[in-house]
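Read through the structure below, which is laid out as structure tokens, and then see the notes.
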Number of protein chains: 4
Amino acid sequence: MSPRPVNKDEKRAEILDAAIRVFARAGFHPTKIEDVAREAGVAKGTIYLYFTSRDDILAAAFERFADEALRGVRALVESAEPALDRLHALVRAMVAGATAEPELARIVFDFWAVRGPGAATVDFARIYAEHRRLIALLLDRAVAEGALPADVPEQTPAVLVGLVEGVLLQWLVDPARVAPGPAADAATDLLLAGLTAR
Amino acid sequence: MSPRPVNKDEKRAEILDAAIRVFARAGFHPTKIEDVAREAGVAKGTIYLYFTSRDDILAAAFERFADEALRGVRALVESAEPALDRLHALVRAMVAGATAEPELARIVFDFWAVRGPGAATVDFARIYAEHRRLIALLLDRAVAEGALPADVPEQTPAVLVGLVEGVLLQWLVDPARVAPGPAADAATDLLLAGLTAR
Amino acid sequence: MSPRPVNKDEKRAEILDAAIRVFARAGFHPTKIEDVAREAGVAKGTIYLYFTSRDDILAAAFERFADEALRGVRALVESAEPALDRLHALVRAMVAGATAEPELARIVFDFWAVRGPGAATVDFARIYAEHRRLIALLLDRAVAEGALPADVPEQTPAVLVGLVEGVLLQWLVDPARVAPGPAADAATDLLLAGLTAR
Amino acid sequence: MSPRPVNKDEKRAEILDAAIRVFARAGFHPTKIEDVAREAGVAKGTIYLYFTSRDDILAAAFERFADEALRGVRALVESAEPALDRLHALVRAMVAGATAEPELARIVFDFWAVRGPGAATVDFARIYAEHRRLIALLLDRAVAEGALPADVPEQTPAVLVGLVEGVLLQWLVDPARVAPGPAADAATDLLLAGLTAR
DNA sequence: AATGAATGAGGGTTCATTCAT
DNA sequence: GATGAATGAACCCTCATTCAT
């Protein structure tokens with residue numbers, strides 16, 4: 001009799017966003033349900049109408065986080081540009097995604113640190129694998145387009161992903177001394193040059 | 001009354017090692033002081049004779065961890081080999097150090113995730129900076145030795161460190177699908193080839 | 001708007017019956033308002049249109065329970081049979097009432113356990129007193145009818161009530177080993193034989 | 001190195017006694033761990049050094065309660081008196097045990113009312129069965145001693161136990177109007193008279 | 001120095017009750 | 001009237017830290 005305009009999914013998303021904001025600001029572990037509730041502008045108990053437990057929030061936050069990260073990357077990969085351009089764009093997008101919101105980027109640390117029995121399941125493997133898959137795809141296209149020699153080592157996707165992640169890591173930890181954009185660009189150039197040079 | 005000539009520092013180190021073992025096994029956050037005490041074979045109260053707080057243990061664990069990591073690397077850098085060989089050796093050592101004890105390597109996640117007021121100070125910046133400094137040194141030597149052209153981009157050390165860290169990250173998260181040793185080797189080769197090729 | 005001509009009292013009764021069903025199945029203390037609402041097919045808030053509080057439901061349940069128990073017994077007592085027959089019938093009815101719905105019988109445990117400030121008022125004394133009064137009446141009639149000697153001890157009604165209750169208790173707690181019907185019958189026979197024998 | 005005179009079992013028993021006192025006074029369900037702690041003169045956390053959960057306390061309380069109840073009864077049964085005297089003594093002891101501490105006797109209500117998943121296991125069946133066993137023993141002895149005819153109905157022990165329990169129940173619920181001692185005595189006399197009379 | 005029993009603040013979770021729709 | 005989302009007080013339990021022995 002009262003349809004109530006509050007869409008359950010919308011509300012859940014609102015709370016989740018609030019949670020991600022607090023996690024970004026203060027980290028997951030020190031964050032209390034109370035903090036999330038305050039940020040979301042609801043009462044503590046309300047949280048439990050949308051999530052089954054504190055860990056459930058983390059798991060959901062990770063999902064949302066990962067999905068958003070992959071969505072952007074996938075779009076790039078499907079564009080019509082030459083494969084190597086797309087590769088560069090992809091690397092730049094990864095860096096840009098992280099540097100646009102450093103606090104948000106820091107969350108991954110908390111995701112990584114989640115352990116212990118009953119802890120939220122945080123499937124990093126899936127994301128990295130997907131990243132590698134997309135990069136492998138582009139490398140194949142680049143070879144097909146004649147932009148790269150045929151014998152690209154199979155480790156290359158892992159190397160590229162690792163390179164970007166590793167540079168971002170250093171930047172997060174020491175923003176004053178590491179410029180992730182130039183570093184990642186330089187690294188990609190070097191790698192591709194190396195691939196071509198052999 | 002105490003048969004072993006354990007002085008204060010030794011005992012502290014023993015407890016610290018025990019703590020690191022537990023952290024490696026179960027992660028820092030889920031680990032209770034009680035767990036550390038049990039692993040160290042002492043009573044809970046004893047821990048507080050050697051550390052001021054739970055966070056203090058983590059900070060100390062990080063220090064020990066970082067010092068050991070740097071010690072090995074420094075030794076390599078000071079050897080008499082050609083600079084490029086030392087560079088390769090350094091990369092291999094970093095990977096080997098992590099892959100020898102995956103559980104131990106996972107601890108860095110916990111270090112990263114430490115945040116919040118009053119939390120232990122974990123100075124990653126220092127370690128990464130030192131790593132970069134050593135690599136820059138080797139690159140300079142390689143240039144001096146004529147093994148590399150003169151215009152090595154300044155981002156290169158960050159790229160090399162990032163590369164190793166990033167590959168290790170993927171391996172930790174998905175050991176079945178990423179072989180960090182070959183990947184890091186391949187990557188270094190590519191990078192150096194790229195540097196030479198331009 | 002509401003097709004069924006349910007007036008306030010009927011609806012209240014419906015909810016009450018639902019509540020009693022849930023209490024019987026799961027016990028009063030573990031039962032949430034939500035459970036009652038679900039069983040009654042209404043929303044949680046609706047419960048509060050008919051009851052002022054959770055305890056209020058229990059009190060009402062007890063009233064309904066007690067009234068039903070007494071109604072049956074009173075009917076028996078007012079029949080035209082010889083007093084001793086009515087006494088036997090009464091005992092049998094008490095046992096039958098409980099054994100017909102063991103789960104329902106268990107509710108009395110919850111009624112008994114209700115305590116604490118603000119708790120529902122559950123007036124067991126009234127029911128037992130009424131039971132004793134009815135039995136005393138029958139004993140008097142039996143004496144008048146010459147079926148029993150005149151000097152029936154005044155404790156006899158309490159003894160008869162207690163006997164049935166006590167046997168039922170053992171049956172509830174250990175249904176496999178206590179047969180309440182035969183036991184109560186045997187007991188009544190013995191008691192009456194005892195009364196006559198002196 | 002510090003033997004500490006606090007015996008773990010003793011302390012547990014102390015807390016348990018405190019808990020039983022509070023349960024007796026206020027009932028199990030409304031009693032908070034905090035209340036037990038206050039009564040025991042310890043802090044909340046201390047309770048959990050001796051009991052695993054709130055329910056665990058109830059289970060332990062029941063055990064202690066039951067054991068004490070049975071201990072007294074067993075001693076009586078093993079005395080050298082004529083069996084019928086022992087039977088009377090037993091009934092009187094049951095009543096006396098309850099009437100000496102009405103508040104304590106009320107606890108059984110709470111025990112009965114314990115239900116729900118994960119709830120403490122309260123094995124009433126065991127106690128009643130043991131009571132019946134002891135009474136059956138005495139009845140057999142009485143027959144052997146020639147004090148009772150041979151054909152004592154098998155329900156008799158259940159009847160005797162029920163009788164006492166049922167009378168106590170009425171007294172607990174309405175102490176002003178039921179005198180459990182006389183009632184139980186009278187009832188036993190009547191029953192035994194009935195047994196002999198047939 | 002070592003112990004480990006004791007503490008009690010803290011936080012996750014539940015659920016009776018309210019109230020805007 | 002009916003609803004059910006929202007509330008927040010309450011409570012169980014954990015565990016870092018203390019301290020008497």
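Letters A, B, ... mirror the listed sequences (proteins, then strands); counts begin at 1.
Nearest to the side-chain atoms of D:Lys11 among the listed nucleotides E:dA6, F:dA6, E:dA1 stands E:dA6.
Judged as a side-chain hydrogen bond (donor to acceptor under 3.5 Å, both in side chains), and not counting sequence neighbours, C:Arg12 has no contacts. In this structure, the side-chain hydrogen bond (donor to acceptor under 3.5 Å, both in side chains) partners of C:Asp17, at least two apart in sequence or on a different chain, are C:Arg64. When the side-chain hydrogen bond (donor to acceptor under 3.5 Å, both in side chains) test is applied to D:Asp67, the partners found at least two apart in sequence or on another chain are D:Arg126. Residues passing the side-chain hydrogen bond (donor to acceptor under 3.5 Å, both in side chains) test with A:Arg21 are A:Glu39, sequence neighbours excluded. Applying the side-chain contact (heavy atoms from CB on, under 4.5 Å) rule to C:Leu172 yields the partners C:Ala105, C:Arg106, C:Phe109; only residues at least two apart in sequence or on another chain are considered. Every salt bridge (Lys or Arg N to Asp or Glu O under 4.0 Å) that D:Asp35 has, sequence neighbours left out, goes to D:Arg38. Remark: C:Phe65 engages C:Phe111 in a ring-ring contact (aromatic ring centres under 6.0 Å, His included) (not counting sequence neighbours).
For B:Glu14 and E:dA1, the CD to P distance is 15 Å, given to the nearest whole Å. For the pair A:Lys8 NZ and F:dG4 C1', the computed distance is 10 Å after rounding to whole Å. One atom, CG of C:Asp35, and another, P of E:dC15, lie 9 Å apart when rounded to the nearest Å.
Residue whose closest nucleotide on DNA chain F sits further toward the 5' end, between A:Gly41 and B:His29: A:Gly41.
Not one side-chain nitrogen or oxygen of D:Tyr50 sits closer than 4.0 Å to the OP1 or OP2 atom of E:dA5.
Scanning both residues, A:Val36 and A:Val22, for their nearest heavy atoms gives CA-CG2, 4.3 Å.
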A correct dot-bracket answer for DNA chain E, with pairs being Watson-Crick or G-U at under 3.5 Å, [ ] for crossing pairs and | for inter-strand pairs, is .||||||||||||||||||||
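Residue contacts for C:Phe51: at a heavy-atom cut-off of 4.0 Å it reaches no nucleic acid atom on any strand shown.
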In B/S/- notation (B base, S sugar-phosphate only, - none; protein heavy atoms under 4.0 Å), nucleotides 8-14 of chain F written 5' to 3' is B-BSBBB
